[in-house]
Structure formats: structure tokens, C-alpha cells
Amino acid sequence: MERYDPQAVEARWQKVWADEKAFETPNPADPAADDSPRAYVLEMLPYPSGDLHMGHVTNYTMGDVVSHFRRRTGHKVLHPMGYDSFGLPAENAAIKTGGKPAEVTARNIARIREQMLRMGWSIDWSRELSTSDPEYYKWTQWIFLRMFERGLAYKRGAAVKWCPQDQTVLANEQVVDGHCERCGTEVEARDLEQWFFRITDYADRLLDDMEKLEQWPERVLTMQRNWIGRSHGAEVQFSVVGGDEAIPVFTTRPDTLFGATFFVLAPEHPMINDLVRGTAAEAEVTDYVRRRGAESVADRMRDDRPKTGVDTGRRVLNPVTNEEIPIWVSDYVLVEYGTGAIMAVPAHDERDHTFALAFGLPIRQVVAATDGADVDVQAQAFTGTGDDAVLVNSGQFDGMTVADAKNAVPAWLAEDGRGEQKTAYRLRDWLVSRQRYWGAPIPIIDCPSCGLVPVPDADLPVRLPEIEDYAPKGRSPLAAAEEWRAVPCPSCGAAAQRETDTMDTFVDSSWYYLRYVNAHDDMEAFAKGDVDWWLPVGQYIGGVEHAILHLLYSRFFTKVLFDAGYLGFEEPFANLFTQGMIYKDGAKMSKSKGNVVAPDEIVNRYGADALRMYVLFMGPPEQDKEWSDSGVLGPSRFLDRLWKAVDRIAAETSGDPLPVAPSGAEGSALDLLRLTHHSIQRVTEDIDRRLQFNTAIAAAMELLNGIEKQRDALLGDPIGGQALRHAAGTLVCLVQPFAPHIAEELWEALGGSRLWETPWPVADPALLIADTFECVVQINGKLRERVQLGCGLPKDEVLAAVKALPKIAEQLEGRELVKEIVVPDKLVNIVVK
RNA sequence: GCCGGGGUGGCGGAACUGGUAGACGCACCGGACUCAAAAUCCGGCGUUGGCAACAACGUGCGGGUUCGAGCCCCGCCCCCGGCACCA
């Protein structure tokens with residue numbers, strides 16, 4: 001056979017797979033379906049920027065290894081691919097170059113698809129989809145309407161985050177430290193009418209169902225938990241002195257209610273104007289509110305800012321002490337959390353304490369430590385809540401522990417409506433409307449008499465109109481398409497206007513995993529029987545950067561669709577694997593830093609198989625990794641050596657591509673058979689149970705090293721030759737998920753065909769057992785000697801054999817024996833004095 | 001501050017259930033082949049001492065449990081990620 005030429009080999013097999021539709025998978029209704037177990041292996045779909053990057057290569061190669069493995073262990077595998085193709089980059093590129101977003105997107109998809117094909121991933125291309133395709137977004141709109149019907153999509157005026165660069169509003173999840181997640185511009189606060197999804201209705205289920213996600217990484221669950229931010233506490237009513245109204249507060253410390261010595265409203269609290277109108281403090285309060293409002297979002301988030309505030313002169317009644325306490329306004333209270341108002345307990349809350357000191361407000365201790373700790377609440381807030389923290393100065397609750405009082409106080413308040421147990425969340429409703437062009441139009445019509453009316457399902461999709469100017473102007477570019485906008489109201493027929501905002505692209509990607517199942521069905525988004533057959537996704541793989549946004553939204557969508565009866569499951573992804581990022585020179589690869597290594601260049605030089613192996617071999621898949629230009633040489637050399645070794649063995653032995661292990665092997669032939677079967681076991685475990693691809697590849701490398709070491713000695717011998725052929729065939733089988741092209745070629749050289757659907761090798765238990773082992777001999781826990789002993793030897797015989805060793809005998813000479821430990825077939829430790 | 005993850009040779013990493021620390025690979029050093037170089041093949045490669053056999057030390061730091069600790073426990077330090085004036 002010729003020299004290993006990755007380019008030729010890879011092109012050849014990619015064509016075979018395409019011609020034979022090797023990786024297309026039937027749905028249950030298809031006659032080709034049978035009752036073999038199924039596996040849905042999915043990687044997060046890419047944004048088609050045009051260039052495949054190393055993160056994509058790692059992500060999709062991991063999924064591909066799992067797919068191949070499942071296929072060869074008897075599963076029907078669904079392994080699809082698509083493009084998250086709506087979004088700002090294509091739109092911005094179109095604005096810059098004068099083209100159309102749809103054209104830019106089509107070009108980018110064509111380019112990235114070509115690069116993907118060169119990687120040789122075993123994808124069912126017949127299910128390929130693009131979220132910007134009307135065939136797809138028709139159903140995104142359909143889901144929006146289901147949300148609308150259920151009251152889960154609604155429009156309201158609210159203080160929202162606005163990105164002045166991208167000229168659109170953002171979801172809370174898309175604001176990172178006060179800056180736009182996408183472009184890094186500092187966001188502004190604006191009051192706008194916007195569309196929201198009521199994800200907060202699902203906060204409890206999103207949290208509680210995480211218990212079912214046993215196979216999700218802890219760090220992702222933690223991030224979601226933090227994001228949802230559930231706190232149990234109480235809502236307590238404080239009535240305004242000299243008025244009829246009561247102002248509710250949320251507190252997680254109802255046990256400290258007797259210590260509430262003042263009251264604080266957020267500057268945006270809706271009742272402020274009424275409270276101060278006509279009072280002496282009106283001017284000062286209004287001025288304070290205006291100044292806070294002018295501050296940037298990022299400034300308000302700075303954590304070192306001093307406390308500011310102003311006294312309204314008005315008072316509320318502490319509902320348990322009946323004391324009148326002053327109402328202050330301060331921006332340390334956030335309008336969007338809880339009720340936008342707090343009761344301040346300076347003795348037991350650090351923030352309230354700081355505020356009390358700054359403005360000379362009274363501090364009253366209501367919790368004491370019983371462990372003798374010195375507590376001076378005038379100097380410092382005491383925030384202890386343990387079993388040794390008990391209530392004082394709290395009427396009938398004196399002496400009760402904090403934990404008990406947290407329940408007892410709200411229960412007592414509830415008796416006469418002064419308060420009740422309550423749960424608060426950090427999570428806010430998901431703002432989904434965007435004032436940009438390249439997204440799915442929101443399928444709603446605004447009628448002067450009927451209000452917001454859904455577009456009838458039969459009229460979907462609401463297609464994006466062709467427009468001239470995509471440039472953002474602070475309102476949706478769709479507003480300029482007046483002919484498109486003007487429609488009769490579906491309900492009353494009067495002249496009405498279409499909604500002109502488009503949907504956040506995260507809406508598109510919140511359900512794509514369902515669409516793959518019936519990717520080109522134009523009668524429905526997906527068929528319940530089919531999605532229930534394939535989902536939940538058996539293995540989902542993607543970047544940890546989507547831990548909150550995409551994964552939380554997708555879980556929300558799945559629950560909504562489940563509630564509406566379209567799905568038979570509540571969690572979309574049974575197993576989640578988050579891969580680490582690839583760095584170069586200590587930094588994330590990026591064009592601006594000029595440290596991007598293009599996968600294409602590596603493929604041209606070393607082949608896709610070498611690149612596939614290297615990205616997995618670099619380190620544990622979930623960890624961040626550092627790209628090394630010379631590192632790829634390891635796998636590349638391995639494939640070269642593999643080629644030569646298998647080529648020679650194929651030429652000089654005969655039989656099946658993977659003959660049975662010859663019986664009667666001994667010596668180095670037997671050693672090789674054992675190594676082979678240990679390798680099967682290691683690679684199988686590493687792929688199947690541990691998703692630990694780096695060690696699977698290391699095991700394959702060790703097998704090749706073993707084959708090379710024995711090759712010349714065994715080739716002349718009939719049993720040895722068969723052992724070699726068995727080892728070589730096995731190695732090709734084990735390498736196939738990682739390097740599928742060369743594996744097919746070598747399998748063919750061994751006389752086989754279609755390795756991708758050849759059953760995965762199974763380790764022979766008899767060959768996993770050795771008859772001797774290297775016994776480690778320790779004295780006082782220190783390694784002193786090693787000796788080959790027979791397996792299964794009784795303890796006393798092992799000890800006798802070990803003590804007979806000259807070196808050990810010498811060291812035991814004249815010392816008192818304290819203890820002897822024998823770990824069967826492993827080690828001996830002799831403890832002496 | 002709270003929550004989660006991590007810290008092992010020159011480098012990436014391995015050690016899965018407490019049992020030989022450093023698998024596999026990169027880099028480097030020496031040798032073979034070559035006029036020479038590249039490629040390839042063979043050998044070496046934690047630190048210190050020693051010609052060597054070998055010995056001592058060694059998994060962020062300090063303690064503990066154990067016959068035995070990279071792994072378990074207690075107390076710290078540092079790095080990464082999430083949340084954070086969230087009442």
C-alpha cells in the first residue's frame with residue numbers, strides 16, 4: 001500500500017458516506033426503523049459566521065465519537081446539524097457591505113458547511129435546518145402563539161436594558177456587568193413597551209426539576225440556581241401613617257421584624273410621588289429620584305459606592321411594635337426585586353447598618369447569641385442565624401431560635417392579614433422583542449379596537465418583508481415596511497398594523513432540538529410520537545457559556561410545550577456535557593488578538609483525523625485547554641505509525657479483518673492478546689461511561705506501542721501472526737470513532753468493509769485476567785522491592801515468598817514485626833519497629 | 001461575601017474504589033540512518049547525591065486519620081467560573 005495520504009483517504013470516505021447516506025436515521029414510522037435502542041446525540045448548533053473554529057471542532061468531534069460508538073453498539077443514532085442563523089452579525093455585515101442579511105447568511109452557511117464536511121462528522125444531513133429559514137421560523141412563530149394563548153407571552157411597559165450600539169433592548173441574561181453581552185457597550189435603562197415570556201411562572205419547576213438532571217455538570221446547575229435565585233421569606237404589610245394604603249415589603253428575615261427601625265423605598269417605587277406630594281420634603285425627594293435615575297446602569301452596580309438617601313418625612317407603622325418609623329428613599333433598594341421596598345433592621349443586616357450609621361437612625365437588637373459571643377450591634381450588624389441565635393426584645397417570641405421564628409412570625413402575622421410566607425426570585429421575565437431586522441417577526445397584529453390579536457396559524461409564517469434599509473434607528477426596521485405592516489385585523493377586519501419587532505435569537509434556539517425530529521415537515525412543528533420516541537436528548541454537548549441563557553430557555557420551552565400537551569417529557573436534555581474553551585498563548589482565540597488557529601490549515605497539513613484526535617487528546621474534555629502547534633504532531637505521528645503497522649500486518653498475515661483471538665497463545669503473543677483486550681475495556685469505558693476521550697486515545701496509543709514492540713518477533717509464527725492480526729483489527733476498530741477515515745481505509749486493507757456499522761469489539765473476560773502480577777513490597781509503607789507472583793495465591797504464601805526475597809529478608813533482620821498487610825494480587829506492606 | 005470547579009515534571013496531562021505518583025503525548029538530550037539536513041527508528045528524561053546498585057526528597061501550605069494519602073478529615077493560600085446593596 002502507498003504512503004498515508006490523509007487528503008486522499010479522507011476525500012474518498014467522505015464521498016462513500018455521502019453516496020450511501022451512511023448516517024441518515026429513520027423515524028419510527030419509517031419501515032427502516034426497528035426496535036433497536038435509540039440514541040439522540042446532539043451538539044449545540046453553531047452560529048454560521050462562515051468560519052469553523054477550534055471550539056466547533058472539539059464540540060462536534062466529541063459528539064461524533066459518541067455517535068459512532070452508539071451506532072456500533074447497536075443503537076439507532078440521531079446526530080443532526082443546523083444553523084442558528086438569525087442574528088446581528090449577518091445583519092451588521094449586510095449593512096456594512098450593502099448586501100442582504102439573507103444573502104450574507106446563505107454564503108456563510110455554504111462556507112461553514114463545506115468546512116464541516118471536511119471534518120468527516122457522521123451527521124444526518126437530510127435533517128439540516130436553518131433557524132432563519134421560513135420553513136423553520138414559521139414554527140418559532142407558532143410556538144410564540146401557543147405562549148400567547150397561555151398568557152405566557154405578554155406586552156408591557158417596563159424599565160428595560162437598551163444597548164445603544166446595537167440599537168435594541170436586551171434580556172437581563174444578555175447584560176453582563178452592565179454591558180451588552182454581544183458588543184460590550186454599556187447598556188442604558190429605558191422605559192419601553194416590550195414583549196416578554198413569563199419564565200418567572202416556571203421558576204420553581206426550573207429549580208426543582210434540576211434534581212432530575214443528575215447527569216448535568218455541577219457548575220451548570222449552580223449557575224442556573226444562582227440565576228433563578230430563589231429566597232424564602234415573608235411579605236409584610238406596613239401601613240402608612242396618615243393614609244389608607246399599606247406598602248408591602250419582602251424579607252427573608254421576618255424573625256427580625258421587631259428590630260425594624262426604619263423603612264426604605266427604591267427611587268423608582270411608584271408610591272413615592274403620592275407620599276411626598278405637597279410635603280416639605282417633596283423637592284428634595286424628587287431631586288434625589290431624578291439624580292439616581294440619571295446614573296448609568298454600570299455605575300449603580302458598582303459595589304463600593306457610599307450609601308445615599310433622603311428622608312420623605314412620612315412614616316409607616318411597624319405592624320408588630322406599632323411604632324412609627326420613618327420612610328426613606330435610597331438606591332440601595334432595587335425596584336425590580338421583591339416589592340421595591342424594605343423594612344430596615346440595622347442591628348441584623350449589614351446594608352441597613354451602614355445606612356443607619358450614615359444617617360443616625362436607631363439600631364435595636366432583636367437577636368442574641370447564646371454561645372457567649374460578644375455582640376455589639378451598635379458597632380456591627382449581627383447576622384448569625386444558627387441554632388445559638390435566639391430572639392430578644394421580640395414580645396412573645398423572646399427565646400425562640402431564628403430558624404423557628406422565621407416560620408412562627410409570618411404565621412402569626414397571617415392570622416390578621418398583616419403578612420404571609422412568600423418566596424422571591426432573582427429571575428425576571430424574559431424580554432424577547434428586538435428592534436432589529438434579522439429575526440423571526442412577532443406574529444401579532446395590533447388592532448385599534450381588538451387590541452393585540454394573534455396571526456391565525458393558517459397565515460404563518462409571517463415572512464420578513466424585503467426592505468431597503470436595515471440600519472437600526474431605535475425602532476424596528478420593519479416599521480418602514482408600511483405595505484407589509486398594514487393588514488386587516490383577523491378578528492374584526494378593521495385596518496390594523498403588524499407588530500414590527502422581531503424575536504430574540506435565543507427563542508429560535510430554544511426548540512431546534514425538537515425540529516430535527518421532523519425537520520422538513522410543513523404540517524407541524526414536530527410530531528409528538530416522534531419527539532417522544534427520540535427525546536429527551538441522550539447526550540447534549542456544548543460550551544459552558546450557554547449554561548444560563550440557552551439551557552435555561554430551552555428547559556422553559558420544553559416545560560411549556562409539555563404543559564400544552566405537545567410533548568411527553570419535561571426536560572429536554574437528559575445528559576449534558578460542557579466542554580472547556582480552547583486558548584492560545586493564554587488567551588481565548590480571537591481575530592482581534594491574532595491568535596486564531598484555523599482548523600482548515602491544520603486539516604490541510606495533517607488531515608482531519610489528526611485534528612480530530614488532537615482536540616480530544618489535548619486534555620479532559622470539560623476543562624479549558626491550551627492549543628499547542630507542536631502537540632498535533634503526536635496524533636499525526638500516531639496515525640502514520642498505525643498506517644504502517646496495519647499495512648504490514650495485513651500484507652503478511654491472512655484471515656478475517658478481525659480474527660478471533662487464537663487459542664494456545666503464550667509468551668509475548670499472549671501478552672499482546674491481553675493488552676488488546678485491556679485496551680478494548682479501557683477505550684469502551686472511557687467513551688461510554690466517562691466521556692474521557694484523552695485517556696481513550698492514550699489507551700489506543702499504548703496498544704499500538706505494544707503491537708510495534710512485538711511485531712517482528714510474532715510475524716513469523718502462525719499463532720503470533722493471528723494474535724497480531726487480532727490486535728491490529730481491534731486497534732482499527734477502537735480508533736474508528738476518533739479517526740474514522742483512516743480506520744475505514746485500514747479496515748479495508750484487512751479485508752473488511754463498512755467499519756462504521758461493524759459491531760464494537762467486546763473484551764474477552766478470560767483475557768483480562770493475568771496469571772501473574774507484579775507484587776509491590778513495602779516496608780513501613782515505603783516501596784522496597786517488586787516481585788512477580790502467581791495470581792490468587794493465599795496470603796501466607798505471598799508473605800512467605802516476599803520474606804524470602806534477599807533484600808527484604810535483610811531489612812527485616814533483627815526488627816520487631818508489628819503488622820503485615822496483604823492486598824490480594826497487588827501489594828504487601830510489612831510494618832516493623 | 002455566598003455557591004461551584006481547580007492547583008501533580010520544562011509543557012498538556014494520567015493515576016476510575018485510599019495501595020508502585022508522573023500512563024500517553026509534546027519539548028529536550030544522546031545514538032542509528034544520511035555527504036548533510038529533514039523525516040524515521042532506538043535509548044534517556046521529577047529533584048538532589050552517587051560511576052553504579054541505590055538512597056533521600058517530591059502532587060499549593062500547615063496539621064490529622066491510616067499499615068499506607070495526589071485521593072479522606074480539619075484549618076489556610078492561590079487560580080478560574082457564577083451570583084452579589086437580591087433585603
Side-chain angles (χ1 to χ4, degrees), chain A residues 176-177 217-231 233 249-254 256 260 264 266 300-307 330-334 336-345 348-352 354-355 383 424-427 544-545 547-548 578 580-581 613-614 617-620 622-635 637-638 640-641 644 682 685-686 689-690 692 694-702 704-705 708 774-786 807 818-823 826-832:
Chain A
V176 178
D177 292 331
E218 202 49 47
R219 58 174 167 170
V220 173
L221 296 175
T222 300
M223 284 188 224
Q224 297 213 351
R225 238 176 248 124
N226 286 342
W227 191 260
I228 297 169
R230 176 163 66 189
S231 304
V249 301
F250 174 76
T251 176
T252 55
R253 295 294 307 273
T256 62
V264 191
R300 274 194 72 162
M301 287 175 66
R302 272 176 40 221
D303 51 5
D304 54 342
R305 60 209 310 266
K307 294 255 188 305
S330 171
D331 65 359
Y332 86 91
V333 175
L334 309 174
E336 64 268 26
Y337 184 74
T339 64
I342 62 153
M343 65 175 208
V345 184
H348 306 290
D349 181 282
E350 278 163 22
R351 297 152 299 180
D352 298 345
T354 311
F355 194 83
T383 55
Y425 305 88
R426 211 196 72 96
L427 181 71
V544 72
E545 65 274 17
I548 297 173
T578 49
M581 291 210 278
M613 287 194 92
Y614 180 55
F617 185 61
M618 276 200 289
E622 72 283 2
Q623 261 174 44
D624 289 341
K625 289 161 284 252
E626 172 79 22
W627 175 272
S628 144
D629 285 328
S630 58
V632 69
L633 288 173
R637 286 174 188 150
F638 167 77
D640 256 322
R641 285 164 49 214
K644 286 183 202 150
R682 284 175 63 191
E685 285 253 298
D686 283 348
R689 184 172 60 85
R690 305 207 303 159
Q692 195 68 18
N694 53 332
T695 49
I697 291 170
M701 287 173 166
E702 283 179 63
L704 178 60
N705 291 347
E708 286 186 331
E774 188 182 57
C775 181
V776 171
V777 187
Q778 299 178 332
I779 293 177
N780 291 342
K782 278 196 193 303
L783 175 71
R784 286 298 176 230
E785 187 63 295
R786 305 159 209 249
K807 197 172 158 189
V818 178
K819 200 167 185 178
E820 294 165 329
I821 286 107
V822 179
V823 181
K826 197 138 215 171
L827 109 176
V828 171
N829 187 11
I830 301 170
V831 185
V832 292

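Computed over heavy atoms, backbone and side chain alike; hydrogens, waters and symmetry mates excluded. Labels below follow one simple rule: chain letters A, B, ... track the order of the sequence lines, proteins then strands, and each chain is numbered from 1.
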Closest to the side chain of W227(A), out of rU20(B), rC83(B), rA87(B), is rC83(B)
* To do: Remember a base hit wins even if backbone is also touched, and classify S231(A) as base, sugar-phosphate or nothing at under 4.0 Å, heavy atoms.
  => sugar-phosphate
Value for CE (M613(A)) from CG (N694(A)), rounded to nearest 0.5 Å, stands at 11.5 Å
Per atom distances to the V333(A) side chain, the nearest of rA87(B), rC67(B), rA23(B) is rA87(B)
Would you say the side chain of M618(A) lies within less than 4.5 Å of the side chain of E626(A), judging by non-hydrogen atoms? no
Taking only side-chain nitrogens and oxygens of N705(A), does any of them come within less than 4.0 Å of OP1 or OP2 of rA23(B)?
no
Mate of rC2(B) across any strand shown (Watson-Crick or G-U wobble, both atom pairs under 3.5 Å) is rG82(B)
inquiry  = Measuring only between side-chain heavy atoms, which start at C-beta, is R641(A) closer than 4.5 Å to L704(A)?
reply    = yes
Paired to rC35(B) by Watson-Crick or G-U wobble criteria (both distances under 3.5 Å) is none
From CD1 of I548(A) across to P of rG82(B) the rounded distance in Å is 8 Å
Separation of the P atoms in rU65(B) and rA15(B), to the nearest angstrom: 29 Å
Could I get a table of every N or O pair under 3.5 Å where one atom is in the protein and the other is in nucleotides 8-17 of chain B?
residue : atom : partner : partner atom : Å
rG12(B) : O2'  : M618(A) : O            : 2.5
rA14(B) : OP1  : Q692(A) : NE2          : 3.3
rA14(B) : OP1  : N694(A) : ND2          : 3.1
rA15(B) : OP1  : R690(A) : NH1          : 3.3
rA15(B) : OP1  : R690(A) : NH2          : 3.0
rC16(B) : O2   : R689(A) : NH2          : 2.6

Whole-Å distance, E350(A) CD to rA87(B) C1', equals 12 Å
Check: rG9(B) and rU48(B): how far apart are their C1' atoms, nearest whole angstrom?
Finding: 15 Å
**Message:** Please determine whether a side-chain nitrogen or oxygen atom of K782(A) lies at a distance below 4.0 Å from atom OP1 or OP2 of rA69(B).
**Reply:** no
Please give the distance between the C1' atoms of rG6(B) and rC57(B) as a whole number of Å. 26 Å
> Is there a donor-acceptor pair closer than 3.5 Å between any side-chain N or O of D686(A) and the backbone N or O of A696(A)?
Replying inline: yes
Of the listed rC67(B), rG19(B), rA87(B), the closest approach to the L334(A) side chain comes from rA87(B)
I'd like the P distance from rC71(B) over to rG64(B), given in whole Å.
14 Å
CZ of R230(A) to CD1 of I228(A), rounded to nearest 0.5 Å, is 8.0 Å
note: I228(A), atom CD1; rG82(B), atom P; distance rounded to Å ~ 17 Å
Please check: side-chain N/O of D624(A) versus main-chain N/O of M581(A), any donor-acceptor pairing under 3.5 Å? yes
(Q) Between the base of rU20(B) and the side chain of E774(A), is one N or O donor paired with an acceptor at under 3.5 angstrom? (A) yes
Looking only at rC57(B), rA87(B), rC24(B), the nucleotide nearest the T251(A) side chain is rA87(B)
Rounded to the nearest 0.5 Å, the OG1 atom of T578(A) sits from the CD atom of E622(A) at a distance of 7.5 Å
Winner on side-chain proximity to M701(A), out of rG25(B), rC67(B), rG4(B), is rG25(B)
By nearest-heavy-atom nucleotide on RNA chain B, the more 5' of E702(A) and L783(A) is L783(A)
Problem - Nearest-Å distance once atom C1' is located in both rC51(B) and rG58(B) - result: 25 Å
Whichever of Q224(A) and A341(A) has the more 5' nearest nucleotide on RNA chain B, that residue is Q224(A)
Looking only at rG4(B), rC83(B), rC67(B), the nucleotide nearest the R426(A) side chain is rC83(B)
Legend entry - Pair W627(A) + Y614(A): ring centers closer than 6.0 Å: yes
Check R426(A) with E336(A), please: is the shortest side-chain N to carboxylate O separation under 4.0 Å?
no
Assigned chi class of rG9(B) under the 90° convention is syn
Look at the side-chain N and O atoms of R637(A) and state whether any lies under 4.0 Å from the OP1 or OP2 oxygen of rU40(B).
yes
Students often mix this up, so state it plainly: with edges at 30° and 60°, are the rings of Y332(A) and F355(A) parallel, tilted or perpendicular?
tilted
What does V831(A) touch in the nucleic acid at a heavy-atom separation under 4.0 angstrom: a base, only the sugar-phosphate, or nothing?
sugar-phosphate
Exercise. Does rA87(B) have OP1 or OP2 sitting under 4.0 Å from an N or O in the side chain of Y332(A)?
Worked result: no
E622(A) CD to rG6(B) P, in whole Å, measures 8 Å
From CE of M343(A) across to P of rA87(B) the rounded distance in Å is 12 Å
Checking V777(A) against L827(A) for the side-chain contact (heavy atoms from CB on, under 4.5 Å) test, could you report, in this order, the C-alpha distance in whole Å, the side-chain angles of both residues, the deciding distance, and whether it holds?
CA-CA 6 Å; V777(A) 187; L827(A) 109 176; over 6 Å; no
When both distances are under 3.5 Å in a Watson-Crick or G-U wobble arrangement, the nucleotide paired with rC76(B) is rG60(B)
M223(A) atom CE is separated from rA84(B) atom P, nearest whole Å, by 13 Å
Separation between the C1' atoms of rU40(B) and rA56(B), rounded to whole Å: 40 Å
Taken to the nearest whole Å, CD/Q778(A) to P/rU66(B) is 17 Å
Any strand, both distances under 3.5 Å, Watson-Crick or G-U wobble: rC54(B) pairs with rG49(B)
Applying the 3.5 Å cut-off to both distances, the Watson-Crick or G-U partner of rA14(B) turns out to be none
>> Ignoring hydrogens and geometry beyond distance, is the side chain of N226(A) in donor-acceptor contact with the base of rC83(B) at under 3.5 Å?
In response: no
Considering only the P atoms, how many Å lie between rG25(B) and rC42(B), rounded to the nearest integer? 11 Å
Review point. For atom P, what is the distance between rG75(B) and rA23(B), given to the nearest Å?
Key: 35 Å
Whole-Å distance, Y337(A) OH to rA87(B) P, equals 4 Å
*Any R784(A) side-chain N or O less than 4.0 Å from OP1/OP2 of rA55(B)*: yes
